[in-house]
Amino acid sequence: MGRVFEALKRAAELDGKKKEHKTRLPDASASRAEQIEALLEGSEVFTPKAAREPQLFSASAERTDAAAALGSALPEGSWASQVAGATVDAERSARVAGFPALNVSAARADQHLIAITQPQSPECEQFRSLRTHVLHAGEQRHVQAVVLTSAGVLEGKTVTAINLAWLLAQTHGVRALLIDGDLRRPCALNYLGLERRPGLSEVLAGEIELDQTIVRLDPADLFLLPGGRERNDVAEMLSGPRFSSVLAEVRRLFDFIIIDAPPLGIFTDAAVLINRADAALVVIRAGYTRYSLLKRLLEPLPRERLLGVVLNGVDETLDEHSYYYRRYYRRSKEIKKNGNEKAA
């Protein structure tokens, strides 16, 4: 605010010289409103012509005014602009546009990230169905922050989280953020084929600011808050006020927040994150997760926050998809064969 005061002071003094009007300088003991009123007296720069009343100017106020003037970035009446009480406006557009961009290559990404490597595959359609489920929950149940966890290790929770977040980001009018919340073993950047960089761990430790860690992943326009450095005091850090501040800030910036959490059956971190978020998806692996363990882990979870269970690692493809793709493949071969015969 010091620069604003100096600018107002100079503007008032120049205007006073032109009009031979002596500007009243603010007293050091006066309140902020009185100081600004004194600086604005006699000035034409920031004082509205209709009413000579002092106004407070700040960066946040200017962004709010710009957003009100420009309106929503989505078509009028679009439900996505009202998901979870979020408004996609010019203010948020300006803020998220400032994050650095990283390009994700399908050749370097993990092969299990089929939303990136095989976007037209039948398996990717299953993730699109999961995305639809999350979008409907956002509209009907005001779900904005979703935690993905699993019963144990090697069940595919991180792969599911990245695939889901990648497809959410491709939805028209939706800003999606992926948080690597598994601070004991952060690996989202590894799956994406990107180099390690500071993230949530350093933010919670007070070593770096939040806006210095979030990156935009192209070409999906997905935003990522990496995990950063591994640590052991995760439950204590996630339970503290700093994480509450981080979550509150990203809620203002993004429509959907996908949080990759540690396994539910090993650490308490996932339970802490579920209590902070709006909903949870539990990933299980076919032929691997024990039903008795899953039942025991789901019992203490709040039922109103359990969005569903994702069955991962199923070998068989659904019949309707197999039928569609076999029919399409055969039809393509017939067209190609007939075309070659005519050409001969």
Side-chain angles (χ1 to χ4, degrees), residues 102 104 108-117 127 145-166 176-208 210 212-215 217 222-240 242-243 246-247 250 257-277 280-286 288-290 293-294 296-298 301 309-313:
L102 299 177
V104 177
R108 297 184 60 184
D110 188 274
Q111 61 178 352
H112 295 93
L113 300 181
I114 57 178
I116 303 173
T117 61
F127 281 107
V146 181
V147 172
L148 270 82
T149 183
S150 60
V153 297
L154 302 177
E155 300 195 52
K157 64 173 183 61
T158 301
V159 168
T160 303
I162 298 176
N163 280 315
L164 174 60
W166 189 269
L177 171 71
L178 172 64
I179 298 179
D180 191 348
D182 190 351
L183 302 185
R184 299 179 189 271
R185 187 176 170 269
C187 56
L189 288 173
N190 293 336
Y191 275 98
L192 292 164
L194 300 174
E195 296 182 358
R196 197 167 185 174
R197 55 188 299 124
L200 180 60
S201 180
E202 287 78 8
V203 173
L204 297 181
E207 301 173 4
I208 194 172
L210 176 64
Q212 296 176 294
T213 58
I214 297 178
V215 294
L217 304 179
L222 169 66
F223 294 86
L224 169 68
L225 174 56
R229 184 176 63 250
E230 296 181 3
R231 57 187 318 123
N232 295 322
D233 56 341
V234 180
E236 291 76 13
M237 298 295 287
L238 296 177
S239 302
R242 192 179 293 272
F243 181 72
V246 169
L247 193 56
V250 296
I257 303 160
I258 303 299
I259 306 175
D260 179 28
L264 191 61
I266 302 178
F267 306 107
T268 61
D269 311 350
V272 174
L273 288 171
I274 291 173
N275 289 329
R276 295 293 185 93
L281 285 169
V282 180
V283 180
I284 63 175
R285 183 178 171 185
Y288 183 85
T289 307
R290 291 179 298 167
L293 174 62
L294 179 64
R296 178 172 60 85
L297 294 175
L298 293 181
L301 294 182
V309 176
V310 179
L311 181 60
N312 189 34

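Note that this is a predicted model, so its numbers are computed, not measured. Starting from 1, each residue takes its place in the sequence as its number.
Between the side chain of Asn163 and the backbone N or O of Ala115 there is at least one donor-acceptor pair closer than 3.5 Å. Under the 3.5 Å distance criterion, the side-chain polar atoms of Lys157 are matched with a main-chain donor or acceptor of Ala261. Of the possible donor and acceptor atoms, none in the side chain of Asn312 sits under 3.5 Å from a partner among the backbone N and O of Ala286. Listed for the Thr213 side chain is a donor-acceptor partner under 3.5 Å among the backbone atoms of Leu210. Looking at Asp180, its side chain does come within 3.5 Å of a backbone N or O of Ala188 through a donor-acceptor pair.
Distance check, rounded to the nearest 0.5 Å: CG of Leu189 to CG of Leu217 gives 8.0 Å. If you take CZ on Arg197 and CD on Gln212, they are separated by 10.5 Å, rounding to the nearest 0.5 Å. To the nearest 0.5 Å, atom CZ of residue Phe127 and atom CD1 of residue Ile162 are 10.5 Å apart. Atom OH of Tyr191 and atom CG of Asp110 lie 6.0 Å apart (nearest 0.5 Å). With rounding to the nearest 0.5 angstrom, the CD1 atom of Ile259 is 11.5 Å from the CG atom of Leu281. With values rounded to the nearest 0.5 angstrom, Leu192 atom CG is found 10.5 Å from Arg108 atom CZ.
Across all their heavy atoms, Ala270 and Pro262 have their closest contact at CB-O, 3.4 Å. Heavy atoms only, all atoms of each residue included: Gly228 and Pro186 are closest at O-CG, 3.3 Å. Summarising the geometry of Pro198 relative to Ile208, their closest heavy-atom pair is CB-CD1, 4.2 Å, with the distance given to 0.1 Å. Nearest heavy-atom pair, Leu222 versus Ala176, reported as atom, atom and distance to 0.1 Å: CD1-O, 3.4 Å. Closest approach of Ala151 to Pro263, counting heavy atoms only: O-CB, 4.2 Å. Ala235 and Ser239 make their closest contact through O-OG, 2.7 Å (heavy atoms, listed as atom of the first residue, atom of the second, distance).
Shown are Thr160, Thr149, Thr158; of these, the side-chain contact (heavy atoms from CB on, under 4.5 Å) with Val283 is made only by Thr160.
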One pair to check against side-chain contact (heavy atoms from CB on, under 4.5 Å): Leu178 and Phe223. What are the steps and the verdict? CA-CA 6 Å; Leu178 172 64; Phe223 294 86; over 6 Å; no
Walk me through it: do Ile179 and Asp260 pass the test side-chain contact (heavy atoms from CB on, under 4.5 Å)? CA-CA 6 Å; Ile179 298 179; Asp260 179 28; over 6 Å; no
Can you check side-chain contact (heavy atoms from CB on, under 4.5 Å) on Val272 and Asn275, steps first, answer last? CA-CA 5 Å; Val272 174; Asn275 289 329; 5.7 Å; no
Apply side-chain contact (heavy atoms from CB on, under 4.5 Å) to residues Ile116 and Val104 and explain how you reach the verdict. CA-CA 9 Å; Ile116 303 173; Val104 177; 4.0 Å; yes
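Classification of Arg185 and Glu230 as a salt-bridged pair fails, no side-chain N sitting under 4.0 Å from a carboxylate O.
The side-chain heavy atoms of Arg231 and Arg184, taken from C-beta on, include no pair separated by under 4.5 Å. Between Val282 and Leu297, every side-chain heavy-atom pair lies at or beyond the 4.5 Å cut-off. Contact check for Ile258 versus Leu177: no side-chain heavy atoms found under the 4.5 Å cut-off. Side-chain contact between Leu183 and Asp269: absent, with no pair of heavy atoms (C-beta onward) separated by less than 4.5 Å.
A donor and an acceptor atom, one from each side chain of Glu155 and Thr289, are located under 3.5 Å apart. Side-chain N/O atoms of Arg229 and Ser201 include no donor and acceptor closer than 3.5 Å.
A cation-pi arrangement is absent between Arg276 and Phe243 under the rule of less than 6.0 angstrom and at most 45 degrees off the ring axis.
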